[in-house]
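This report refers to the structure that appears directly beneath it.
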Protein chains: 2
Amino acid sequence: MKKYLFIYEDMKNRILNGEFKSGEQLPFEKELCVEYETSKMTIKKAFDLLVEDGLIIKKRGVGTFIKDIDMKEIEKLIFAKQFMGLTTSNPEKKVTSKVLHFDIIKATPLIEKQLNIAPESFVYDIHRIRYADDQPIVVEKTYMPIDLVPGLTEKHLEKSLYQYIENELECKIQSSHRKITVRKADDDETEYLDLEKGDPVAVAEQVAYFDNGKAFEFSFSVHRYDHFSAQLIITK
Amino acid sequence: MKKYLFIYEDMKNRILNGEFKSGEQLPFEKELCVEYETSKMTIKKAFDLLVEDGLIIKKRGVGTFIKDIDMKEIEKLIFAKQFMGLTTSNPEKKVTSKVLHFDIIKATPLIEKQLNIAPESFVYDIHRIRYADDQPIVVEKTYMPIDLVPGLTEKHLEKSLYQYIENELECKIQSSHRKITVRKADDDETEYLDLEKGDPVAVAEQVAYFDNGKAFEFSFSVHRYDHFSAQLIITK
DNA sequence: AAGTGGTCTAGACCACATT
DNA sequence: ATGTGGTCTAGACCACTTC
């Protein structure tokens, strides 16, 4: 285990368990160097992660303090941060999929641009409805270059696409770029998501990247408005 | 100027100016140590910022590469990242506000909880419509403890709240926690935002913090659905 | 003046990928 | 075996706040 991650996890637990309370001052970095038998840089690295989580505040020339916030809220945020796929946003529910179609097509100009591939390359064209506890939550359109995700079958789509990619293909997903917008559901979406005409939907447009920098997925996820929320912490 | 920030800005410009192209390999960290006359840690720190921006990809044991993406898209994202207030999401438009009401009330239990203040503390209760080029874009309800933001008047609200806080009060905003949801507009919102009955809105619920860790603002921003988008880069 | 966190160094060793 | 980026150190100096 990396030292700075150990210190990060340890301090996080100490804070969440109430050893340090809201608004309280933490021991100085120098003291913690002794306690954890490490150097200043390593403590700093661990603490910077806690700042990103929104747990603590650092003030140069003064010290480090627990953020003045309800710890239960923070726990939720930290939990939510760990996941990338939309599958996982309802962790305790049973997630299933229904494949509407699964074809190979030539990339349209938009798909070409988003995936940065040659004109008219072949891509998977996937259209799925995803259910949580048998209730429709999201309709997804996904496009992926066939050569980056070989061997894909309808069976994989009924479970988790990301699981196939990470476990069976052993590809590493490094990042994704997401844009969230809002509009009215079209007729198909209204039917698939069991909505009323004119009901709102949240649309997440996403391009996801492997750790070699290649874009492997371009997707639109159309969410039922009553089952969508996105949380983010913005740090200056 | 801090060295790692200089290197970060310099490399960013070199990339955006096309000195290095999509998918291309960057010089090794070791080489750049010589070029910038610095140590490995400093180069690493600068490069980590570029990774966060979604500009480059690092592969241990291999090297560092420009992300396979359209640079114009990236430029937009980097630009968008710099702002916190919702005022600034339409940078080139004329932003104005109409104050619907501006009172001081006792905090409700929800406000107490979000701002982490004593029961029945006094808070500003602000309700504004914000316009971009005279078109209504967002209705905002804002609650702020009166003692954290003293001297606020209706004039400040017609311009930018954040500007008053940062420039006149000289308080530093460190972070904000945001949650985005979607629903149908209620009757008031329909009127204020010039919508049709049942039209969707995007709601951003936000708690913002000063650099001393205190929550100074709890707000709901209700956006017209056709003028809302949120962009984010998620990194593993 | 004293003490905090922030930056930076020069170099050691580790984990990982390629040859 | 070689070379990459990742972690870690021990200590220097800087920027900032408080006394």
Side-chain angles (χ1 to χ4, degrees), chain A residues 1-11 20 23-52 55-67 166 169-175 209-214 235-236, chain B residues 1-11 20 23-53 55-67 170-175 210-214 235-236:
Chain A
M1 167 78 94
K2 286 160 206 161
K3 221 172 195 173
Y4 77 98
L5 285 178
F6 172 78
I7 297 168
Y8 162 63
E9 294 291 345
D10 192 49
M11 286 303 300
F20 306 104
E24 216 174 86
Q25 182 159 15
L26 283 175
F28 301 120
E29 291 187 358
K30 221 181 196 175
E31 298 175 45
L32 290 170
C33 286
V34 179
E35 183 174 336
Y36 285 105
E37 294 182 312
T38 186
S39 66
K40 213 175 123 189
M41 290 285 281
T42 303
I43 294 286
K44 189 183 177 300
K45 206 165 173 181
F47 271 39
D48 283 346
L49 293 174
L50 294 169
V51 170
E52 269 178 50
L55 268 172
I56 65 172
I57 294 270
K58 296 209 259 185
K59 289 196 73 176
R60 190 195 301 209
V62 187
T64 305
F65 301 83
I66 307 286
K67 207 167 198 167
E166 295 220 284
L169 288 181
E170 291 184 10
C171 285
K172 281 176 196 161
I173 299 166
Q174 192 187 309
S175 66
Y209 296 84
F210 283 142
D211 68 348
N212 62 8
K214 288 206 184 302
T235 316
K236 267 217 169 163
Chain B
M1 167 76 95
K2 285 160 207 161
K3 221 172 196 173
Y4 77 98
L5 285 178
F6 172 79
I7 297 168
Y8 162 63
E9 293 291 346
D10 192 51
M11 286 304 299
F20 306 104
E24 216 175 85
Q25 183 159 15
L26 283 174
F28 301 120
E29 290 187 359
K30 222 183 197 174
E31 298 175 44
L32 291 169
C33 287
V34 180
E35 183 174 337
Y36 285 104
E37 292 181 312
T38 187
S39 68
K40 212 176 125 188
M41 289 286 281
T42 304
I43 293 288
K44 188 183 177 301
K45 205 165 173 182
F47 271 39
D48 283 346
L49 292 175
L50 294 168
V51 170
E52 268 178 49
D53 280 351
L55 268 172
I56 64 171
I57 294 270
K58 297 209 259 186
K59 290 195 72 176
R60 190 193 302 209
V62 186
T64 305
F65 301 82
I66 306 286
K67 208 166 196 165
E170 291 184 10
C171 285
K172 282 176 195 160
I173 299 166
Q174 192 187 309
S175 65
F210 283 142
D211 68 349
N212 62 8
K214 288 207 185 301
T235 316
K236 268 219 168 162

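A note on names: the letters A, B, ... follow the listed sequences, proteins ahead of strands, and every chain is numbered from 1.
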Can you see which heavy atom on A:Tyr36 is nearest to which on A:Ile43, and at what distance?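 Scanning both residues, the minimum pair turns out to be CD1-CD1, 4.1 Å.
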
Shortest non-hydrogen separation from A:Cys33 to A:Ser39 and the atoms involved: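 Distance-wise, the nearest heavy atoms are SG-C, 3.7 Å.
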
Ignoring hydrogens and angles, does a donor from either the side chain of A:Lys40 or the base of C:dG6 sit under 3.5 Å from an acceptor on the other?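 Counting by modelled atom types and ignoring angles, a donor-acceptor contact under 3.5 Å is found here.
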
For the side chain of [X], starting at C-beta, report the closest nucleotide among [options].
X       : options               : value
A:Phe28 : C:dT4, D:dG11, D:dT7  : C:dT4
A:Lys2  : D:dT7, C:dT7, C:dT4   : D:dT7
A:Arg60 : D:dG5, D:dA15, D:dA10 : D:dA15

Quick one: is [N] close enough that its OP1 or OP2 comes under 4.0 Å of any side-chain N or O from [X]?
X       : N      : result
A:Thr38 : D:dT9  : yes
A:Lys3  : D:dT9  : yes
A:Lys45 : D:dT7  : yes
B:Lys59 : D:dT4  : no
B:Thr64 : D:dT4  : no
A:Ser39 : D:dG11 : no

Answer yes or no: is there a donor N or O on one side and an acceptor on the other, between the side chain of A:Lys45 and the main chain of A:Tyr8, under 3.5 Å?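 Answer holds: no.
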
Let me know the distance between [atom1] of [X] and [atom2] of [N], rounded to the nearest Å.
X       : N      : atom1 : atom2 : value
B:Lys30 : D:dG5  : NZ    : P     : 9 Å
B:Met41 : D:dC8  : CE    : P     : 10 Å
B:Ile43 : C:dG11 : CD1   : P     : 16 Å
A:Ile7  : D:dT9  : CD1   : P     : 8 Å
B:Leu49 : C:dT7  : CG    : P     : 10 Å
B:Leu26 : D:dT4  : CG    : C1'   : 14 Å
B:Asp48 : D:dG6  : CG    : P     : 7 Å
A:Leu5  : D:dT7  : CG    : P     : 8 Å

Does A:Glu35 CD have over 12 foreign heavy atoms under 6.0 Å away?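 Correct, the count exceeds 12.
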
Quick one: label B:Glu37 by what it contacts on the DNA or RNA (base, sugar-phosphate, nothing), any heavy atom closer than 4.0 Å.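 B:Glu37: backbone/sugar contact only, no base atoms under 4.0 Å.
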
Check every strand shown and say whether A:Lys44 touches a base, only sugar-phosphate, or nothing at a heavy-atom separation below 4.0 Å.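 Base: the residue A:Lys44, judged by heavy atoms under 4.0 Å, touches a nucleobase.
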
Hey, does the Lys NZ or Arg CZ of B:Lys67 hover above the aromatic six-ring of A:Tyr209, less than 6.0 Å from the centre and inside 45° of the axis?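 The answer is yes, since B:Lys67 meets both limits relative to A:Tyr209.
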
Starting from the 5' end of DNA chain D, give me the residue, A:Val62 or A:Thr42, whose nearest nucleotide shows up first.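 It is A:Thr42 whose nearest nucleotide is closer to the 5' end.
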
So which one's nearest nucleotide on DNA chain D is more toward 5', A:Gly61 or A:Tyr4?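 First, find each residue's nearest nucleotide; the 5'-ward one identifies A:Tyr4.
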
Please name the residue in the list B:Thr64, B:Leu26, B:Leu55 that meets the side chain to side chain contact (heavy atoms under 4.5 Å, CB included) test with B:Leu50.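 That would be B:Leu55; it is the only one of B:Thr64, B:Leu26, B:Leu55 passing the side chain to side chain contact (heavy atoms under 4.5 Å, CB included) with B:Leu50.
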
